[in-house]
Amino acid sequence: FVATPDRLDVFLDRDRALEVLDPSRRQQVISCGSAIEFAVVALSAAGYDGDVDLLTDDGDPDHLATIEVTGTREATDEDRELADAIGRRHTVRAPFEPRAVSAELVDRLQEEAGIHETWVKPITRSEEEVATVFLISRAEEMEQGDPAYREELERWLRTDPGAQDGVPVEAVP
């Protein structure tokens, strides 16, 4: 991240890449996307408008985005609630609960995803569920059978509470 008073540039940090777990850096780019969205949410909560330029045209393939402050705005209660939620956000690594997701939630997720030009594919048929479980299980077997994967994953586990990077060891069931 490179910040000035009215701009934030976000770059891929190749020194923090996980060569075995994320060889294409796809997950790293997705994480940067989350950070970009959090910055926009924080700007809104602070009373600012921001413009995001994704995958800038400056010739640097690692320059993922620029967020520029474009003006002021009245922050809403929703803006502040979203910003407050950033600090509580975490990835749940526990197994999924064996219960259906409500149709209302699926509809809301599809609506929200559509705003961002993405989609949600509900798994509604038993053969889709079986195929999904098989693919996830097979991927887990392949990862756990790879010593380099296990070694890199262990290095990425964070045992020092003051560390900024890594997965907190208590987050892994």
If you measure from [atom1] on [X] to [atom2] on [Y], what distance do you get to the nearest 0.5 Å?
X	Y	atom1	atom2	value
Phe11	Leu64	CZ	CG	8.5 Å
Gln144	Leu153	CD	CG	7.0 Å
Glu141	Ile136	CD	CD1	12.5 Å
Lys121	Glu128	NZ	CD	3.5 Å
Leu55	Thr66	CG	OG1	10.5 Å

Indicate yes or no: at least one non-hydrogen side-chain atom of [X] is less than 4.5 angstrom from one of [Y].
X	Y	result
Leu21	Gln27	no
Thr76	Asp79	yes
Glu143	Arg138	no
Gln110	Asp107	yes
Leu18	Trp156	yes

Taking atom [atom1] as the centre, does [X] end up with more than 12 heavy-atom neighbours from other residues, nucleotides or ligands that are less than 6.0 angstrom away?
X	atom1	result
Glu129	CD	no
Glu127	CD	yes
Asp58	CG	yes

Restricting to non-hydrogen atoms, name the atom on [X] and the atom on [Y] that form the minimum distance, rounded to 0.1 Å.
X	Y	value
Ala17	Arg25	CB-NE, 3.5 Å
His116	Glu112	CD2-O, 3.2 Å
Pro122	Val106	CG-CG1, 3.6 Å
Val69	Leu43	CG2-CD2, 3.9 Å
Pro168	Arg158	CG-NH2, 3.0 Å

Open item on the list: Tell me whether Gln28 contacts the main-chain N or O of Asp13 through its side chain, where contact means a donor paired with an acceptor under 3.5 Å.
Closed with: yes

Task: Ion pair Arg150/Glu154, N-O distance below 4.0 Å - done: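 No, this pair does not count.
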
Open item on the list: With a 4.0 Å cut-off on N to O distance, would you call Glu111 and Arg108 a salt bridge?
Closed with: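 No salt bridge links Glu111 with Arg108.
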
Same apolar cluster: [X] and [Y], side chain cutoff 4.5 Å:
X	Y	value
Val20	Leu157	yes
Ile123	Val133	no
Leu54	Phe38	no
Leu12	Ile30	no

Could you list the donor-acceptor pairs under 3.5 angstrom formed by side chains in residues 44-53, with sequence neighbours left out?
unit_1: Ser44; atom_1: OG; unit_2: Val40; atom_2: O; d: 3.2
unit_1: Asp49; atom_1: OD1; unit_2: Arg73; atom_2: NE; d: 3.1

